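Residue numbering restarts at 1 for every chain, and letters A, B, ... go by the order of the sequence lines. Remember, predicted model here, so these are calculated numbers, not experimental data.
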4 protein chains.
Amino acid sequence: MAPGTRRYDPDRRQRIIDAAIRVVGERGIAGLSHRSAAAEADVPLGSTTYHFKTLDDLLVAALQQANEGFAQAVEGSAALADLDREPAPDGDGTPSADPGADLAGALARLLGELLGADRGRVELEYELYLAALRRPALRPVAAQWCEAFAAALAPRTDPVTARALVAVMDGIGLQVLLTDTAYDEAYAREVLARMLRPSS
Amino acid sequence: MAPGTRRYDPDRRQRIIDAAIRVVGERGIAGLSHRSAAAEADVPLGSTTYHFKTLDDLLVAALQQANEGFAQAVEGSAALADLDREPAPDGDGTPSADPGADLAGALARLLGELLGADRGRVELEYELYLAALRRPALRPVAAQWCEAFAAALAPRTDPVTARALVAVMDGIGLQVLLTDTAYDEAYAREVLARMLRPSS
Amino acid sequence: MAPGTRRYDPDRRQRIIDAAIRVVGERGIAGLSHRSAAAEADVPLGSTTYHFKTLDDLLVAALQQANEGFAQAVEGSAALADLDREPAPDGDGTPSADPGADLAGALARLLGELLGADRGRVELEYELYLAALRRPALRPVAAQWCEAFAAALAPRTDPVTARALVAVMDGIGLQVLLTDTAYDEAYAREVLARMLRPSS
Amino acid sequence: MAPGTRRYDPDRRQRIIDAAIRVVGERGIAGLSHRSAAAEADVPLGSTTYHFKTLDDLLVAALQQANEGFAQAVEGSAALADLDREPAPDGDGTPSADPGADLAGALARLLGELLGADRGRVELEYELYLAALRRPALRPVAAQWCEAFAAALAPRTDPVTARALVAVMDGIGLQVLLTDTAYDEAYAREVLARMLRPSS
DNA sequence: AATGAATGAGCATTCATTCAT
DNA sequence: TATGAATGAATGCTCATTCAT
């Protein structure tokens, strides 16, 4: 960037967010700084502090955007789409023998897609999500993520179960990421299926 | 501490680790530095770099020890102990109607204890996860914790279910911590109970 | 303030000055910036740089105005007003035994009022002194304040004594502010009274 | 300074203080920063933050040292020394007609010396002194200055008067510095003399 | 006339690590 | 063996000021 030049750069703000997400993806949240974001976005340092008063502001913006991307990935997932296309109850009125099992299978497939797609991507999402542990500013965004996901599942079961499914998927995903274990879709399907049966 | 005095302090190394755990518990991993640990342990800065050549050395030592402490807390938990003391099948030969429900209740209580006891403590544990996400060096520690927990549960169910229980507990705990929601023991009990019924 | 709206705000300049005075009162001269003034006045940053090309322009304007306010406070002070309303020489023609004592009392009360009224306000006045020490541009303002005060006192004594009274009041006020000592009105009265007696 | 070399430099701490005093003398307190002090002392930036955790610490150290220098100047002043050498009360028991006048003269001379000696020096002292207005950390040092000065005068009068004398000298000095007026020793002598006569 | 955006300089502070003692 | 001192890098952040709109 030529020094002294002032660039006309509308969506610079957006580009800084994108850069921040890239930095977090590559170096982790600990690697995100005004400076690293500025360098990645090829903007002067002052530009990042101008658009994001504090680093937390930038982090929140990044998490929010990552969230949206994730939500879209969920909504657009082939796995869930298949469910909807599922053959309607057959003529004789009997619903498919075990509709829960189908949802379990679909979610297991979805989880597999998410985990398998792009390791960096999923790590980024978990990291931003987990960062809320220590940064209260991120909690609302994390909570919103949970709720959005649960809300997407609720129509196919009940709200309580939906929340539990999210917890299970979070837990399984975490174990896969942290223990360097391959994702076992059958196992996930089984576990999710249990979740879908009332215990009483 | 009087300057210039050299203290006879045989377990200084251990005390530095303890201090580091306290610091991580209070300020997070990002808050751990040679300096913060030295201050917390009331030892000179040089002492921390002497005993732990790099900061990562200290971090790993601290997390390992925290892990052990956590494992002990689990093993020694009143909730699990009660289970063991559980009345044997009664005279008429009928086992308790639903032994799984009892385990679910015990685990729900255990989780409540862990979450309720000391916010800093439990945040510390979860932060171990977060850190392992980005630092492969910590993955073995994280994996070990998962396995230890699962192993503790396995005798009361089967290995696969045990692992699932851990995932569920992780997921629920995470949601509580990240969304500032109060822990709902009844909900957890219900969810865990479902986990304990075979889906077939 | 809705973005994009342009407010019809005729005395914005004045409002920025007022805000600047408030900022200096609360945070000191060092705390005055285009930004802090803009925030306090609830105007956009650009507005402050538009009305005051440099920060010094704003500072001088603010201090000048503060000075005027202070002068008015002195002139309108109940303490001095009482003096004027002072009962005329009593019937027997003897003036009050010691008119100087009365002036001393009035000034002591005035000083008490000034010091007690608003810490921020009085700190602001003294900070003008501090600043003038290093910024010759402010000296005239400081000098003007001294002279205005002395001029207000001169009619009740003589010019030389008036100047001395100002010095004494400055010195006492300074000690109160700098040493966190409570203002002792009786002490001030005594000291001022001595000032009012010719030494010869 | 050759990079990479580590200098053995005992009294570096002291040299930083000296440099800070020089910086304040030249550029005012506002011009003092870790960086400016480091540059003036020709030490790396980190060195100033090592020896003085915060900038206030450095400022306090500087003020303290300036104070000491000032106290020495007072104690060693020829003006006060003359007083001590003053002929003892003469044989017939009559003390000198007006001992107060002598003290007043001596103090006026002292003030003249202090003000006249080195403008930068005296500005520095006033600035550090006045800075206590906004920086509570400096208040104790400023208070100590007052007390030390008053204590030095007390033996020659009474404590209350001593304190008043300090106030008067402060006030006069301030006026001289701020209004660009020449110091008028006769005027000061007169004012101080009035201070030395009980008003009753 | 008014202002949002931009930018380079600067600041206090923290830090991991090294080294002389 | 300990440890105080040292140091260069980095960080978050604030700022005065300029400029395009």
Any [X] side-chain nitrogen or oxygen under 4.0 Å from OP1 or OP2 of [N]:
X: D:Tyr50; N: F:dG4; value: no
X: A:Arg12; N: E:dT7; value: yes
X: B:Ser47; N: F:dT3; value: yes
X: A:His51; N: E:dA6; value: yes

Without decimals, in angstroms, what is the distance between [X] [atom1] and [N] [atom2]?
X: B:Phe52; N: F:dT1; atom1: CZ; atom2: P; value: 15 Å
X: B:Leu45; N: E:dT14; atom1: CG; atom2: C1'; value: 12 Å
X: A:His34; N: F:dA9; atom1: NE2; atom2: C1'; value: 18 Å
X: D:Arg15; N: F:dA6; atom1: CZ; atom2: C1'; value: 13 Å
X: C:Asp11; N: E:dA2; atom1: CG; atom2: C1'; value: 16 Å
X: C:Asp42; N: E:dT3; atom1: CG; atom2: C1'; value: 14 Å
X: A:Leu55; N: F:dC13; atom1: CG; atom2: P; value: 6 Å

By nearest nucleotide on DNA chain F, pick out whichever of A:Asp56 and B:Gly46 is the more 5' one.
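Closer to the 5' end of DNA chain F: B:Gly46.
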
Do B:Arg27 and B:Ser36 have a side chain donor and acceptor closer than 3.5 Å?
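Looking only at side-chain atoms, B:Ser36 and B:Arg27 do not form any donor-acceptor pair under 3.5 Å.
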
Donor-acceptor side-chain pairing of A:Arg139 and B:Thr179 below 3.5 angstrom
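Looking only at side-chain atoms, B:Thr179 and A:Arg139 do not form any donor-acceptor pair under 3.5 Å.
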
For C:Leu63 and C:Leu124, work out which heavy atoms get closest and say how close.
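That closest heavy-atom pairing would be CD2-CD1, 4.2 Å.
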
Grab the two heavy atoms, one from D:His51 and one from D:Ile16, that are nearest each other, plus how far apart they are.
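Distance-wise, the nearest heavy atoms are CD2-CD1, 3.9 Å.
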
Paired nucleotide for [N] [Watson-Crick or G-U wobble; both distances under 3.5 Å]:
N: E:dA12; result: F:dT11
N: E:dT21; result: F:dA2
N: E:dA1; result: none

Pairwise distance CD(B:Glu125) to CG(A:Leu133) - rounded to 0.5 angstrom
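Here the interatomic distance stands at 11.0 Å.
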
Positions of residues 19-33 of chain A (non-hydrogen atom under 4.0 Å from DNA chain F), listed by number
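Those residues whose heavy atoms fall under 4.0 Å from DNA chain F, taken from residues 19-33 of chain A in numerical order, are A:Leu32, A:Ser33.
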
Would you indicate whether the side-chain heavy atoms of B:Arg135 and B:Asp56 approach each other to under 4.5 Å?
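Side-chain contact under 4.5 Å: yes.
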
Closer than 4.0 angstrom, basic N to acidic O: yes or no for B:Arg15 and B:Asp42?
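No.
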
For A:Arg13 and B:Arg35, find the nucleotide of DNA chain E closest to each by heavy atoms; which residue's nucleotide sits nearer the 5' end?
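Nearest-nucleotide comparison on DNA chain E picks A:Arg13.
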
Starting from the 5' end of DNA chain E, give me the residue, B:Thr54 or D:Thr54, whose nearest nucleotide shows up first.
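Here D:Thr54 is the residue nearer the 5' end.
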
